[in-house]
Engineer: 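Can you keep this structure in mind? I'll have questions shortly.
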Number of protein chains: 2
Amino acid sequence: MNLKELATKLGLSPTTVSRALNGYPEVNEATRERVLAGARRHNYRPNARAIRLATGRALAVGHVIPLNTRTEIVNPVFSDFIAGAGEVYSRNGYDMILSIVADEAEETTYRDLMSRGTVDGVIVHAPKSNDPRIKVLRDLGLPFVVHGRSSDSELDYNWVDVNNRRAFQRATEFLLHLGHRRIALVNGLEHVDFAIRRRAGFTEALATLGLSPDPGLLSSDEMTETSGHRAAMRALDHPQPATAFLAASMLQGMGIRRAIEGRGLRMGRDVSVIIFDDDLSYLRNGEDVPIFTATRSSVRDAGRLSAEMLLDVIANPAAPPQHRLLEAELILGQSTGPAPSH
Amino acid sequence: MNLKELATKLGLSPTTVSRALNGYPEVNEATRERVLAGARRHNYRPNARAIRLATGRALAVGHVIPLNTRTEIVNPVFSDFIAGAGEVYSRNGYDMILSIVADEAEETTYRDLMSRGTVDGVIVHAPKSNDPRIKVLRDLGLPFVVHGRSSDSELDYNWVDVNNRRAFQRATEFLLHLGHRRIALVNGLEHVDFAIRRRAGFTEALATLGLSPDPGLLSSDEMTETSGHRAAMRALDHPQPATAFLAASMLQGMGIRRAIEGRGLRMGRDVSVIIFDDDLSYLRNGEDVPIFTATRSSVRDAGRLSAEMLLDVIANPAAPPQHRLLEAELILGQSTGPAPSH
DNA sequence: TGGGTGGGTCAAAGCGCTTTGGGTTGGGCT
DNA sequence: AGCCCAACCCAAAGCGCTTTGACCCACCCA
């Protein structure tokens, strides 16, 4: 059943039917009712392909998800981010198109999505500092929102981000207050922007006490359980072992816990741990009582906000860039305690 | 730059240019070269919207991902499944459209995707036993591949699945050989088909020794760390506590480990654990030495295979249903050992 | 020499919508 | 009575491709 058929069936022109369905004012309320009823009765649904061609809009947005070709790792936060964003899209009649693309091919992907007209806008994930994609997208004129920020980018652009620097600064201060002085930072890959900011917050907090980070207690890697474990083993093997850890993700935190307990130590008593908790739906930080003390910010909310911003940008392409900075909250869990007095 | 412009620029008709670009034989090799060169030079890319309308194909496939509205949980295996599938799609010029949809709205989503013509086929995730979606899709005539199977479905359909029954049967046998008799099953939600099969394998293995599962050691829940922890606490609190666990996922296994260690026990010595390992990229089972003894089957491979099958079905809609049953391998890790003799 | 034959090209008709630019009423106003 | 305007509705022209059917021009063979 297509528009034309429905129109003849109703004894109206396609024009009128189209207008009735799309809520244009110049059609009589009575006939609109008749059209709507007819459409329902015949189970009519407009063909999306035709709408897209006729309107010149894709009614779709793209998420280009980088795939680390070496490790083959897809960042686990994407599923929740996408769940949040997807909600917004479907509420607004947009499709979500996912391209999982090898790191190095991202630029081409954007070019392609744009020039073939498959999307009206994109979300940029995991920006690096001074990320080249920002310029590419700006030059292409493809609306985009960055999840995160790109330091040193001289251009202004739309972004949604968590205050990562502040979160790690506060977490570090909290550990310092507890008396910890040997704090290990188990960071994400530091070519990604948010990891840089987190490290900055960490360093800054140490600096207020005149401390500086011990390179032997710093690590930067994919945010997995095993990498957390590895980093923790190293920091515990240190001649002056860490008494506290600050980790970039829940999974790393779990790896750290495994290392601690593998040593016969007890997390929260012998060694303290704070994690950054993205509040993933399938990886909750405990039930009523949080397992880990954590700085928390829901990545699903970030997905929701990014999607809303993107749709807004698509609707008003000329508007000035928008920014949204989310604050992480510090959640007290069972993984922190006063530094052991030796 | 569109086809018509390119054609006039080359002094050819749109027809010829189109044919040259699409590799039709009736165009002179020399002019084809000329056209290709021209397209490259002017950076021409055909408009996907127009192609879709003209050909009547969507050149896109849909993944409808169920969202448990109560728990808001997105199954973490999706990201890897999708990574595998996405690879296949992009290699074949297909877009991947993701809809994250509340459990109850899935059927409408399929109807919509179909009648609006946004996709040429779909992947069905997490089938329940006798899943109604299968009939809906069959009746709609929308090509589909099920990831998993739906017991008791009287219809035949395309599927890719792991031999879940066999995997859990072997894992259980392995524990039995080690002398364990009090084995707790920490299963996924048992209205989802694969969980039913896993339980069947478990029960079957017990039965060969004349044993039957102790209801106090059975649990079925979302496959999260916390649910694993909860289930393990219960099984360890049992008057005759479990000496071994069989868990449906890595995350549950991690929760079990936390419970074991929280008790001051040692995994692999005091209590044994076997997990089902989906081989998620961001949740590897250790590095060189596996942490957990596990039955392993890569969900990314399953994604790849499902996508290939779906494209095949789209290309040959009349072909008989295809099936692909993957076997999980049993990996020996550090989490199992002989049953403690008391 | 003339009627095939086939390689190469093109005009035009879709695909199923939206949207522009009228047309046709009927009623109110002077 | 004549004019104008608002309210409705419609025909037709796109949107940028694909594809059908026809055409033209060698070239070959009888």
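Just so it is clear, the structure is predicted and the values come from calculations on it, not from any experiment.
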Engineer: Can you tell me how far P of C/dC15 sits from CD1 of A/Ile51, to the nearest Å?
Structural biologist: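 That distance rounds to 17 Å.
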Engineer: In whole angstroms, how far is the P atom of D/dT18 from the CG atom of A/Leu53?
Structural biologist: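 So the CG-P distance, A/Leu53 to D/dT18, works out to 12 Å.
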Engineer: Measure from the side-chain heavy atoms of A/Leu3 and tell me the nearest of C/dT18, D/dC17, C/dG16.
Structural biologist: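 That would be C/dT18.
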Engineer: Using whole Å, what does the distance between atom C1' of nucleotide D/dT18 and atom NZ of B/Lys4 come to?
Structural biologist: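 Checked: the NZ to C1' distance equals 15 Å.
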Engineer: Grab the CG-P distance between B/Leu59 and D/dT18 for me, whole Å please.
Structural biologist: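 Going from CG in B/Leu59 over to P in D/dT18 covers 11 Å.
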Engineer: Flag the pair A/Asp112 and B/Arg45 as a salt bridge only when some basic side-chain nitrogen lies within less than 4.0 angstrom of an acidic carboxylate oxygen.
Structural biologist: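 Salt bridge between A/Asp112 and B/Arg45, a charged N being under 4.0 Å from a carboxylate O: yes.
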Engineer: Can you tell me the distance, in whole Å, between the CZ atom of A/Arg57 and the C1' atom of C/dC17?
Structural biologist: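 Nearest whole value for this atom pair: 13 Å.
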Engineer: Quick check on the helix from C/dT1-D/dA30 to C/dT30-D/dA1: what's the angle between its two end axes, five base pairs per end, to the nearest 10°?
Structural biologist: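 The end-segment axes of the helix from C/dT1-D/dA30 to C/dT30-D/dA1 are tilted 60° relative to each other.
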Engineer: Salt-bridged, A/Glu5 to A/Lys9, with N to O below 4.0 Å?
Structural biologist: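 Judged by the 4.0 Å cut-off on N to carboxylate O distance, A/Glu5 and A/Lys9 do not form a salt bridge.
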Engineer: Between B/Arg300 (side chain only) and A/Glu72 (backbone N and O only), is there a donor and an acceptor less than 3.5 Å apart?
Structural biologist: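 Pair found, side chain donor or acceptor close to backbone of A/Glu72.
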Engineer: Assess whether a salt bridge exists between A/Asp161 and A/Arg149, defined as any Lys/Arg side-chain N lying under 4.0 Å from an Asp/Glu carboxylate O.
Structural biologist: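 Yes, A/Asp161 and A/Arg149 are salt-bridged.
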Engineer: Short of 4.0 Å, heavy atom to strand atom, which residues of residues 12-32 of chain B count as contacting DNA chain C?
Structural biologist: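 Per residue number, the list reads B/Leu12, B/Ser13, B/Thr15, B/Thr16, B/Arg19, B/Glu26, B/Val27, B/Asn28, B/Thr31.
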Engineer: Could you state the atom-to-atom distance from CG of B/Leu10 to P of C/dT9 in whole Å?
Structural biologist: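 Nearest whole value for this atom pair: 12 Å.
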Engineer: Quick check: are there more than 12 heavy atoms from other residues, nucleotides or ligands sitting under 6.0 Å from CZ of B/Arg324?
Structural biologist: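 No.
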Engineer: Under a 4.0 Å threshold between the charged nitrogen and the carboxylate oxygen, would A/Asp120 count as salt-bridged to A/Arg57?
Structural biologist: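 No, this pair does not count.
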Engineer: Just how far, in rounded Å, is C1' of D/dG16 from CG of B/Asn2?
Structural biologist: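 The answer, rounded to whole Å, is 6 Å.
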Engineer: Using 4.0 Å as the upper bound for N to carboxylate O, is an ion pair formed by B/Arg133 and B/Glu107?
Structural biologist: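 So B/Glu107 does not pair with B/Arg133 through a salt bridge.
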Engineer: State, with a plain yes or no, whether a side-chain heavy atom of A/Thr108 is found less than 4.5 Å away from one of A/Tyr110.
Structural biologist: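 No; the side chains remain at least 4.5 Å from each other.
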Engineer: Report yes if a side-chain nitrogen or oxygen of B/Tyr44 is closer than 4.0 Å to either non-bridging phosphate oxygen (OP1 or OP2) of D/dG16; otherwise report no.
Structural biologist: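 B/Tyr44 to D/dG16 OP1/OP2: no side-chain N or O under 4.0 Å.
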Engineer: Indicate whether the side chain of B/Ser281 and that of B/Asp80 have a donor and an acceptor atom separated by less than 3.5 Å.
Structural biologist: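 B/Ser281 vs B/Asp80: donor-acceptor pair found between side chains.
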